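Only one structure is covered here, and it is reproduced in the block below.
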Amino acid sequence: MKLSDTLTGEKTEFIPQGDVVRIYVCGVTPYTDSHLGHAMSYIIFDVLRRYLEYRGYTVRHVQNFTDIDDRIIARANEQGIAPIALAERFIQRYVEDMAALGVHQPHVYPRATEEVPEMLTIITALIEKGFAYSTPGGDVYYRVRRLSRYGELSHRDVDDLLSGARVEPSTEKEDPLDFALWKAAKPGEPSWDSPWGPGRPGWHIECTAMSLKYLGDPIDIHGGGHDLIFPHHENEIAQSEAFTGRHPFVRYWLHNGWLQMGGEKMSKSLGNIVSIRDGVSRYGADGLRAFVLSSHYRNPLTYSETILEAASRGIERLAVAANASGPAEAAENVDASSFRARFLDAMDDDLNTPQAIAALHDLSREINRGQAEGRGIDESQRTLRELADVLGLRLPPPNATNGAIEAAPFIELLLHVRRELRTAKLFQQADHIRDKLAERGIAVEDTAEGSVWKRDRG
RNA sequence: GGCGACGUGGCCAAGUGGUAAGGCGGGGGUCUGCAAAACCCCUAUCAGCGGUUCGAUUCCGCUCGUCGCCUCCA
């Protein structure tokens with residue numbers, strides 16, 4: 001399969017170094033509920049992993065939690081609880097959100113606060129090698145200009161960075177571009193002992209420590225949102241390669257585009273967010289995944305209710321086909337092989353999920369058509385489900401959640417009455433029941449096998 | 001100011017040097033007591049201007065527009 005690499009800007013054949021594909025994905029800072037932007041990123045990397053596994057690779061997937069940082073501390077102080085406790089709470093909620101989305105758990109979920117000794121080892125070594133320095137105040141900074149390659153990932157020239165002029169000058173830094181490996185503790189903050197006094201790790205160092213510890217060097221794929229390219233991943237490369245003395249530290253850098261809200265990006269700092277919880281309850285996990293996968297992962301995506309609505313409606317077509325009942329035996333069967341081939345070709349091409357989904361839509365149409373013509377569809381339905389599963393789509397029967405509706409027994413009762421009315425050809429009354437249920441968001445469909453109902457969207 | 005991405009039908013979104021997947025929506029049918037679902041048919045010339053080419057939406061240049069990063073961020 002081909003993957004495009006942010007570092008080279010090229011799409012090349014992906015060949016893992018060994019039997020195990022080693023993937024590191026940057027995780028969240030748990031200080032609030034995760035939003036659809038996070039969902040987008042993790043759905044994408046989940047699909048990458050699922051596809052690699054589908055193709056027979058063994059994947060080792062590591063994703064961190066940044067459970068100590070300024071925002072966690074600030075939020076915890078507001079609420080009068082310990083930062084670790086706050087982080088723990090939102091880590092749990094994050095894990096629940098991912099489960100709701102059907103995102104496979106990483107094999108390792110390391111937390112920054114539990115990897116401090118490893119980070120100290122690396123920082124110490126970086127100082128010894130001359131790549132980092134400590135300050136009288138107890139901070140440790142990385143010397144950006146020591147590594148000539150700095151800027152290669154984000155395709156920037158070190159000197160251009162300065163012209164941005166938004167870099168906070170710090171009196172203790174040798175160079176404004178230098179970034180913190182270790183931050184001296186301020187009063188009231190959680191801190192760990194270090195050779196430079198009490199403090200806490202800088203943001204970037206945790207990913208270096210964790211990926212080296214849990215995956216080794218180099219790793220096959222490092223993923224994250226587009227925004228992380230600079231400075232986070234750039235800094236990660238600098239630290240990691242300065243520490244190991246080897247290049248490259250990552251063989252393929254994959255970055256997903258941003259989720260935007262109207263004109264702007266969805267972000268916690270702008271406050272224009274939709275939480276994953278809300279998204280799942282409104283559109284369902286399949287709807288959300290369909291939305292995310294409807295465009296190529298590298299491109300930005302815009303959130304709007306209309307678009308989400310369209311995506312979840314579209315995916316329902318697949319669910320209908322997957323759950324259709326075909327003849328017990330048939331002389332001829334629907335052949336799904338060409339659709340499978342198209343699906344695989346699309347996925348092989350840098351995870352072209354829009355085209356892969358298009359193949360599933362065409363397969364669904366073929367299944368529906370075959371059903372109408374009395375052809376066997378079991379085999380092709382299995383293929384549809386198998387491929388949909390690569391995208392993490394569950395394709396539940398339309399009425400799968402009916403049991404959770406409190407009024408279900410009463411609806412069943414009404415439909416029972418309605419059936420008798422229809423048998424008696426009292427269609428006006430029967431239609432009246434259907435109309436009234438529709439007004440209350442319950443859609444009734446009459447099929448050859450009887451009436452089925454489900455909660456209607458919107 | 002620097003770096004980068006993008007601009008395809010009413011909306012979302014793939015894609016290719018030889019006249020453009022799929023979904024949503026809309027229109028017309030088939031089926032159905034009716035409706036829904038499903039199926040069939042219809043619904044684009046790819047921001048603008050130049051250039052390269054036998055031929056460009058696809059390559060190059062410019063213009064316009066939108067967006068992102070350069071600061072915490074998936």
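Order of the sequence lines sets the chain letters (A, B, ...), proteins ahead of strands, with each chain counted from 1. All values below were derived from every heavy atom in this structure, side-chain atoms included, with hydrogens, water molecules and symmetry-related copies excluded. Small disclaimer: the values here were computed from a predicted structure and weren't measured.
- Residue pairs that meet the salt bridge (charged side-chain N to carboxylate O under 4.0 Å, His left out) test with at least one member in residues 294-308 of chain A, sequence neighbours left out, are A:R282-A:E305, A:R298-A:D350.
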Residue pair A:W253, A:H222: steps toward the ring-ring contact (aromatic ring centres under 6.0 Å, His included) verdict: CA-CA 5 Å; A:W253 284 97; A:H222 192 129; 4.4 Å; yes
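- Closest heavy-atom contact between A:T66 and A:A112: CA-CB, 4.4 Å.
- In this entry the distance linking CD1 of A:I229 with P of B:rC72 reads 15 Å, nearest Å.
- In the model, A:H255 has a side-chain atom that pairs as donor or acceptor with a side-chain atom of A:T6 under 3.5 Å.
- Comparing the same atom, C1', in B:rU8 and in B:rG2 gives a spacing of 30 Å after rounding to whole Å.
- Using atom P as the reference point in both B:rG9 and B:rC46, the two lie 9 Å apart (nearest Å).
- Residue A:L308 contributes atom CG, which lies 13 Å from atom C1' of B:rC11 at whole-angstrom precision.
- Comparing the C1' positions of B:rG26 and B:rC12 gives an interatomic distance of 15 Å, to the nearest angstrom.
- Of the N and O atoms on the side chains of A:Y214 and A:Q63, not one donor lies less than 3.5 Å from an acceptor on the other residue.
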Under 3.5 Å donor-acceptor pairs involving side-chain atoms of residues 339-348 of chain A, not counting sequence neighbours:
residue	atom	partner	partner atom	Å
A:R340	NH2	A:E386	OE1	3.0
A:R340	NH2	A:E386	OE2	2.4
A:R342	NH1	A:D362	OD2	3.1
A:R342	NH2	A:D362	OD2	2.8
A:D348	OD1	A:Y51	OH	2.9
A:D348	OD1	A:R55	NH2	3.4
A:D348	OD2	A:R55	NH2	2.6

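- B:rC67 and B:rA47 have their C1' atoms separated by 15 Å, with the value rounded to a whole Å.
- A gap of 11 Å separates the P atoms of B:rG51 and B:rA56, to the nearest Å.
- The ring pair (Phe, Tyr, Trp, His ring centres under 6.0 Å) test applied to A:Y109 returns A:F65, not counting sequence neighbours.
- Side-chain N/O atoms of A:S451 and A:D446 include a donor and acceptor closer than 3.5 Å.
- Between the P atom of B:rG4 and the NE2 atom of A:H233 lies a distance of 20 Å, rounded to the nearest Å.
- Atom NZ in A:K425 sits about 8 Å away from atom P in B:rG33, given to the nearest Å.
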Nucleotide N/O of nucleotides 25-30 of chain B paired with protein N/O under 3.5 Å:
residue	atom	partner	partner atom	Å
B:rG25	OP1	A:R313	NH1	3.0

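- A straight line from CG of A:L391 to P of B:rG22 spans 18 Å, rounded to a whole angstrom.
- Between A:H155 and A:A358, the residue anchored nearer the 5' end of RNA chain B, judged by the nucleotide with its closest heavy atom, is A:H155.
- Taking the side chain of A:Q260 as heavy atoms from C-beta on, and the options B:rC67, B:rG33, B:rA74, the nearest nucleotide is B:rC67.
- For A:H38 and B:rA74, the shortest distance from a side-chain N or O to OP1 or OP2 is below 4.0 Å.
- Under the 6.0 Å distance and 45° angle rule, A:R156 counts as a cation-pi partner of A:F230.
- With a cut-off of 3.5 Å on both pairing distances, the Watson-Crick or G-U wobble partner of B:rC67 is B:rG4.
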Taking only nitrogen or oxygen atoms into account, show me every contact under 3.5 Å that the protein makes with nucleotides 13-16 of chain B, one pair per line with its distance.
residue	atom	partner	partner atom	Å
B:rA13	O2'	A:S294	O	3.3
B:rA14	OP1	A:H296	N	2.6
B:rA14	OP1	A:N299	ND2	3.0
B:rA14	O3'	A:N352	ND2	3.1
B:rA14	O2'	A:Q355	NE2	3.1
B:rG15	OP1	A:N352	ND2	3.1

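- Backbone-only contact: A:G27 has heavy atoms under 4.0 Å from sugar-phosphate atoms and none from a base.
- Side-chain contact check for A:H107 and A:H61: no donor-acceptor pair (N or O, by modelled atom type) lies under 3.5 Å.
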I'd like a table of atom pairs between the protein and nucleotides 34-38 of chain B - only N or O on both sides, under 3.5 Å - with the distance next to each one.
residue	atom	partner	partner atom	Å
B:rC34	O2	A:R434	NH2	2.4
B:rC34	N3	A:R434	NH1	2.9
B:rC34	N3	A:R434	NH2	3.3
B:rC34	N4	A:D446	OD2	3.1
B:rA35	N6	A:D446	O	3.0
B:rA35	N1	A:D446	N	2.9
B:rA35	N3	A:R434	NH1	3.0
B:rA36	O2'	A:E445	OE2	3.3
B:rA38	O3'	A:N368	ND2	2.9

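- Under the Watson-Crick and G-U wobble criteria, each requiring two contacts below 3.5 Å, nucleotide B:rG9 is left unpaired.
- When the P atom is compared between B:rU66 and B:rC54, the two are found 38 Å apart, to the nearest whole Å.
- Side chains of A:E236 and A:H232: a donor-acceptor N/O pair is present below 3.5 angstrom, by distance only.
- Applying the 4.0 Å criterion to OP1 and OP2 of B:rA74, one finds that A:T29 has a side-chain N or O inside that range.
- Nucleotides B:rG18 and B:rU45 have their C1' atoms positioned 14 Å apart, rounded to a whole Å.
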Apply ring-ring contact (aromatic ring centres under 6.0 Å, His included) to the pair A:Y141 and A:F179, showing each step before the final yes or no. CA-CA 5 Å; A:Y141 292 103; A:F179 60 87; 8.8 Å; no
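- Nucleotide B:rU53 is matched to nothing when pairs are restricted to Watson-Crick or G-U wobble geometry with both distances under 3.5 angstrom.
- Note on A:F45: nothing from the nucleic acid sits closer than 4.0 angstrom, heavy atoms only.
- In this structure, the nucleotide among B:rC12, B:rC24, B:rG33 sitting nearest to the side chain of A:F427 is B:rG33.
- When both distances must be under 3.5 Å, the Watson-Crick or G-U wobble mate of B:rG25 is B:rU43.
- We find that CG of A:N256 is positioned 13 Å from C1' of B:rG68, with the value rounded to whole Å.
- Residues A:A336 and A:L363 share a closest heavy-atom pair of CB-CD1, 3.7 Å.
- Here the separation of B:rA5 from B:rC59, taken at their P atoms, is 13 Å to the nearest Å.
- For the pair A:L363 CG and B:rA21 C1', the interatomic distance rounds to 15 Å; values are reported in whole Å.
- Remark: the A:H233 side chain and the A:H204 side chain contain no N/O donor-acceptor pair separated by less than 3.5 Å.
- Per the geometry, CD belonging to A:E234 stands 20 Å off P belonging to B:rG2, to the nearest Å.
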